[in-house]
Amino acid sequence: MTKPRDRLRIAVQKSGRLSDSSQDLLARCGLKFRQSRDKLFCFGESLPVDLLLVRDDDIPGLIAQGVCELGIVGRNVASEQSLDAQSKGETPEFVEIRELGFGRCRLSIAIPQEDAFETAADLAGLRIATSYPQLLGEYLRTHGVDAKIVVLNGSVEIAPRLGTADAICDLVQSGGTLVANQLRETAVLLDSQAVLIGSRTDFADERADLRELLLRRIDGVIRVRESKLVMLKVSRAQLSAVIGLLPKSDTPGISSFEGSSDLLSVHAVCHDSITWQHLEDLKKAGAMQMLVLPVEKMLA
Ligand code: PRT
Ligand code: ZN
């Protein structure tokens, strides 16, 4: 029997695209760690939650082995490793728990700009370079396409120019890398972002409560990040039109001004981003002196 543990371990990428946002999220959850960032293991000082700084590809495996309970990785990494386990007849020992809203990208197939493409069937017989053979394999199987998967661990985008592949399947964010390599995106296989993953098993020790506590705080941080406080003035006659335009708003607070029976002040927390277009629409509907403020903490 394994010894009960009273500390939780969470693994995040040591250095790379997800590192800063992952550590920022944990800091916003009130976690403070003792070691400097370049060390592998950081001791949690504010809560019994320790941090492991590792390569992103190692995180699902560390959870599967029981070295840590939670981790932050791109969905692309989690899905690829999950399919890999399934291809060996194993059940992946980790599951996706939360979307975290950063590190957004997509896994796409791209072909040389001048090549024709209408449907997935046009990929038949091609050599497709990728670091995601499982996700690509699943896509090809689903579409009944017989193509050759060329596994590369980096610089996938130059494979067509080098003549080692006819197409690629790689992560795309702005699309700049594809354009720079005269490639064009033809199909999206997976929409990705950073996700919190965790072990499939429930814990019978302190870790169960710690995990719940951390999840509650993460939910709070995500909710606050997407929320804005909107303040504005409006005449009584235009109030309902203006309130109807506030995106995902809680019940607004409405107050009147001393000595004015017509002018009202409205404040509302909106759980969505407020764009310039929203403000233009509100103005047309009669809103005046609008203010959009970030929300720092929220407790219902
Ligand atoms: O060293 P370690 O193994 O930990 O890091 P890594 O090199 O494997 O990963 P890293 O830091 O490059 O990326 C970590 C995660 O960030 C990925 O697994 C994705 O979930 C996410 N992410 C988000 C991206 C991108 N955006 C991204 N644009 N990962 C890679 N890219 C690359 C892509 O491979 C291509 O080369 O950026 C290029 C495309 O970008 P655009 O903007 O030109 O389209
Ligand atoms: Zn990696």
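Indexing begins at 1, ligand by ligand and atom by atom, following the structure's order.
For atom 7 (O) of ligand 1, the nearest protein heavy atom lies 4.0 Å or farther away.
Counted by atom type alone, E185 and S108 present one or more donor-acceptor pairs between their side chains at under 3.5 Å. Side-chain contact of E80 with N76: a donor-acceptor pair under 3.5 Å is absent, judged by distance alone.
Under a 4.0 Å criterion applied to the non-hydrogen atoms of G16, ligand 1 contributes the atoms 11 (O). Every atom of ligand 1 is numbered from 1 in the order shown, and the set under 4.0 Å from a heavy atom of T177 is 38 (C), 39 (C), 40 (O), 41 (P), 43 (O).
Each of V188, L190, V145, I109 was compared with Y139 under the side chain to side chain contact (heavy atoms under 4.5 Å, CB included) criterion, and only I109 meets it.
The closest non-hydrogen atom to atom 13 (O) of ligand 1, taken over R55, E80, R106, R17, comes from R17. The option with the heavy atom closest to atom 9 (O) of ligand 1, from among K14, Q13, R75, is Q13.
Remark: side-chain polar atoms of R106 are paired, donor with acceptor, to backbone N or O of Q173 under 3.5 angstrom.
Between the OD1 atom of D57 and the OD1 atom of D56, the angle taken at the Zn ion (ligand 2) works out to 70° after rounding to 10°.
Annotation: the span from I59 atom CD1 to S22 atom OG amounts to 7.5 Å, rounded to 0.5 Å.
Atom 20 (O) of ligand 1 has N76 OD1, 2.6 Å as its closest protein atom, hydrogens excluded (heavy atom only).
Residue contacts with ligand 1 for S174 involve both N, CA, C or O and side-chain atoms from C-beta outward (heavy atoms, distance under 4.0 Å).
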